Amino acid sequence: MNLILLGMPGAGKGTQAEFIQKDFGLANISTGAMMREVSRSKSELATKVQLYLSSGTLVPNEIIVEMLVERIQQDDCLDGFLLDGFPRNLDQGKALDNANISIDLVLYLSIKEEEIISRMSGRRVHLASGRSYHIMHNPPKKEGFDDITGEALIHREDDNPKVIKKRLSVYYNETEPLLEFYKNKNLKFIEIDASKSVDVVTDSIRQSISS
Ligand code: AP5
């Protein structure tokens with residue numbers, strides 16, 4: 001099964017992607033994590049990508065699309081993959097079609113904007129793996145440290161009020177049109193109430209994938 005997780009920044013895509021990967025054995029591809037890795041690398045692209053990340057705007061399609069299509073062609077995607085953060089605009093959605101990459105299920109994590117601010121301000125992230133926690137709703141076993149590696153967690157630099165505002169406006173202008181794009185396609189499109197607790201959202205997602 002090839003699956004897309006759509007939703008506002010902070011809706012819980014990364015959190016749920018981890019469960020889906022574990023339960024269903026899908027390759028978990030987060031373009032946000034890919035871009036953060038590029039920004040930390042010594043490549044020529046690093047500084048350029050970092051500027052987009054820190055301003056909350058989308059990395060241009062000519063940088064991200066080819067990288068994503070190559071990633072999907074790797075062996076671990078043969079039995080199915082999960083896209084978290086891609087596509088982010090109509091051109092990226094069409095790029096998947098043009099590359100003959102078929103999608104079976106789109107899960108739309110729906111949530112109100114008011115919830116997002118508290119989720120992102122309380123988020124703590126393990127940068128190397130992309131695992132994300134919340135200081136109240138999904139805390140690590142030991143405060144400030146990743147459950148698996150024991151390494152320190154960070155507060156993402158784009159999780160500050162000014163950049164969150166920008167990311168939300170980018171979402172409304174560029175990403176939200178993808179909802180209609182996928183609703184009109186011959187695939188399963190399921191809306192999940194992402195305002196519920198992590199466990200309840202996970203259960204709804206499990207049911208949607210298994211049905
Ligand atoms: P990306 O990393 O994809 O960020 P995003 O879409 O803004 O999504 P987030 O990671 O912020 O949120 P999430 O939905 O994964 O929520 P999470 O599970 O962490 O992208 C970052 C940047 O990269 C972009 O701005 C852009 O520049 C670039 N980029 C990425 N993809 C791109 C593309 N395709 N094209 C161009 N540019 C691209 O949860 C949030 C918090 O809430 C956590 O603390 C979590 O613990 C908590 N939480 C989760 N679920 C619940 C719940 N049910 N109840 C309570 N708390 C919860």
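FYI, the numbering just counts along the sequence from 1. Model, not experiment: these values are computed from the prediction. Order of appearance sets the numbers: ligands from 1, and atoms from 1 within every ligand.
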Top protein contact for atom 18 (O) of ligand 1, by heavy-atom distance
Thr15 OG1, 2.6 Å
Does Gly12, backbone or side chain, put an N or O under 3.5 Å from an N or O of ligand 1?
yes
Shortest protein contact, atom 47 (C) of ligand 1 (heavy atom only):
His134 CB, 3.9 Å
Taking heavy atoms and a distance under 4.0 Å, where does Thr57 meet ligand 1: side chain, backbone, both or neither?
backbone
Could you establish whether Ala11 and ligand 1 come within less than 4.0 Å of each other, counting only heavy atoms on the residue side?
yes
Within-cut-off N or O pair, Ile64 and ligand 1, under 3.5 Å:
no
Nearest heavy atom to atom 11 (O) of ligand 1, choosing from Lys166, Glu18, Arg167, Gln16, belongs to Arg167
Euclidean distance, Thr31 OG1 relative to Ile64 CD1, rounded to 0.5 Å:
4.5 Å
Is Asp159 paired with Arg119 through a side-chain N to carboxylate O contact shorter than 4.0 Å?
no
Look only at interatomic distance and state if Arg124 has a nitrogen or oxygen under 3.5 Å from any nitrogen or oxygen of ligand 1.
no
protein heavy-atom neighbour closest to atom 8 (O) of ligand 1 works out as Lys13 NZ, 3.4 Å
Can you tell me the protein heavy atom closest to atom 19 (O) of ligand 1 and the distance?
Arg123 NH1, 2.6 Å
Please say whether Asp84 places an N or O atom under 3.5 Å from an N or O atom belonging to ligand 1.
no
So for ligand 1, is Val59 a polar contact partner (N or O within less than 3.5 Å, distance only)?
yes
Any N/O pair Gly85/ligand 1 closer than 3.5 Å
yes
Check if Arg36 has a non-hydrogen atom at a distance under 4.0 Å from any atom of ligand 1.
yes
Say whether Glu115 and ligand 1 are in contact under the criterion: heavy-atom distance to a ligand atom below 4.0 Å.
no
Under a heavy-atom criterion of less than 4.0 Å, does Lys196 contact ligand 1?
yes
Just go through Leu53, Ile135, Leu83, Ile111 and tell me whose heavy atom is the nearest to atom 28 (C) of ligand 1.
Leu53
Under 4.0 Å to a heavy atom of Gln92 - the qualifying atoms of ligand 1, by number
33 (C), 34 (N), 35 (N), 36 (C)
At under 4.0 Å between heavy atoms, is it the side chain or the backbone of His137 that contacts ligand 1, or both, or neither?
side chain
Using a 3.5 Å cut-off on N or O atoms only, is Thr31 in polar contact with ligand 1?
yes
Quick test: of every protein heavy atom, which one is nearest to atom 12 (O) of ligand 1, and how far off is it to 0.1 Å?
Gly10 N, 2.8 Å
Using a strict cut-off of less than 4.0 Å between a Lys/Arg side-chain nitrogen and an Asp/Glu carboxylate oxygen, indicate whether Arg71 and Asp76 qualify as a salt bridge.
yes
Is there any N or O on Phe86 that sits under 3.5 Å from an N or O of ligand 1?
no
Would you say Glu66 has more than 12 foreign heavy atoms packed within less than 6.0 Å of its CD?
no
Heteroatom proximity flag, Arg88 to ligand 1, N/O under 3.5 Å
yes
Sidechain-backbone polar pair: Ser132 side chain, Val125 backbone, donor-acceptor under 3.5 Å
no
Ligand 1 atoms in contact with Ser132 (distance to a heavy atom under 4.0 Å)
17 (P), 18 (O), 19 (O), 43 (C)
Looking only at protein heavy atoms, which one is nearest to atom 15 (O) of ligand 1, and what is the separation?
Gly14 N, 2.8 Å
Is the shortest side-chain N to carboxylate O distance from Asp97 to Lys185 below 4.0 Å?
yes
Which atoms from ligand 1 have a heavy atom of Asn138 less than 4.0 Å away?
46 (O)
With a 3.5 Å cut-off and sequence neighbours excluded, list the donor-acceptor pairs that the side chains of residues 103-114 form with protein atoms.
residue	atom	partner	partner atom	Å
Asp104	OD2	Asn2	N	2.7
Ser110	OG	Glu191	OE2	3.2
Glu113	OE1	Tyr172	OH	2.7

In terms of hydrophobic clustering (I, L, V, M, F, W, Y; side-chain heavy atoms under 4.5 Å; direct or indirect links), are Leu5 and Leu96 co-clustered?
no
Starting from Leu187, can I reach Phe24 by hopping between I/L/V/M/F/W/Y residues whose side chains sit under 4.5 Å apart?
no
Would you check whether Asp158 has a nitrogen or oxygen atom less than 3.5 angstrom from a nitrogen or oxygen atom of ligand 1?
no
Which residue owns the protein heavy atom closest to atom 41 (C) of ligand 1, what's the atom, and how far is it?
Arg119 O, 3.5 Å
For atom 43 (C) of ligand 1, grab the closest protein heavy atom and report residue, atom and distance to one decimal in Å.
Tyr133 O, 3.5 Å
